[in-house]
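Indexing begins at 1, ligand by ligand and atom by atom, following the structure's order.
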Amino acid sequence: MKLVILDRNGTINVHRDDFVKSEVEWTPLPHALEAIARLNHAGWHVVIASNQSGLGRGLFDVASLNAMHAKMHKMLAAVGGRVDAVFYCPHSPDEDCGCRKPQPGLFRQIGERYGIDLAGVPTAGDSLRDLQAGAAAGCEPHLLLTGMGAACRNVDPLPPEYPPDTHVHDDLGAFVEFLLAREAQQALLQVAV
Ligand SMILES: [Zn+2]
């Protein structure tokens, strides 16, 4: 199974410092939904791992979160894309749970749900904690320069707290381009052998 694990805010939809609290506030980043559709068409399954501490902080409820995701699924379907599942941490930071990124709990849940080892599974996000969580679960980390990631534009090398071998891309579309190009190259090499 070809699986990609994505962050949500700042990766798929526009980041808000005051939290995305409603369906109205959920707006996709330019070309992000089309990028997911491209992955799907190439046979990749996409799941989301998202911190949703707004729940634990009482900023919105599960019904509002479901409405955001219904909007996302509908907009994705309109461009021929699909996200298989959304795994989220509902806790506030002071609850000390094991699923709030940078903890790897959400990633572990994904591995268990699909019955796969996450070693080398590409994961993309716009913040350090996304990549730390993914790397702790064995995933291949990809930093996007959208959302919070914009602060890392022109930062080279990345600060040492980033996982070694973190790939950097302008946005979700560039990440997908990279994955598909690498896949095409590997297919050519197999033919050559
Ligand atoms: Zn949690």
Exercise. What are the two closest non-hydrogen atoms of V83 and V86, and how far apart are they?
Worked result: CG1-CG2, 4.4 Å
For this session: Flag the pair R100 and E95 as a salt bridge only when some basic side-chain nitrogen lies within less than 4.0 angstrom of an acidic carboxylate oxygen.
Result: no
Seminar exercise, completed: Checked the Zn ion (ligand 1): protein N, O or S atoms closer than 2.8 Å come out as C89 SG, H91 ND1, C97 SG, C99 SG
Exercise. How are the rings of F178 and H167 set to each other: parallel, tilted or perpendicular (split at 30° and 60°)?
Worked result: tilted
Exercise. Do K101 side-chain atoms and A49 backbone N/O form a donor-acceptor pair below 3.5 Å?
Worked result: yes
For this session: Taking salt bridge (charged side-chain N to carboxylate O under 4.0 Å, His left out) as the test, write out the residues that go with E183, two or more places apart.
Result: K2
For this session: For atom CD of Q185, decide whether the heavy atoms of other residues, nucleotides or ligands shown that lie under 6.0 angstrom number more than 12.
Result: no
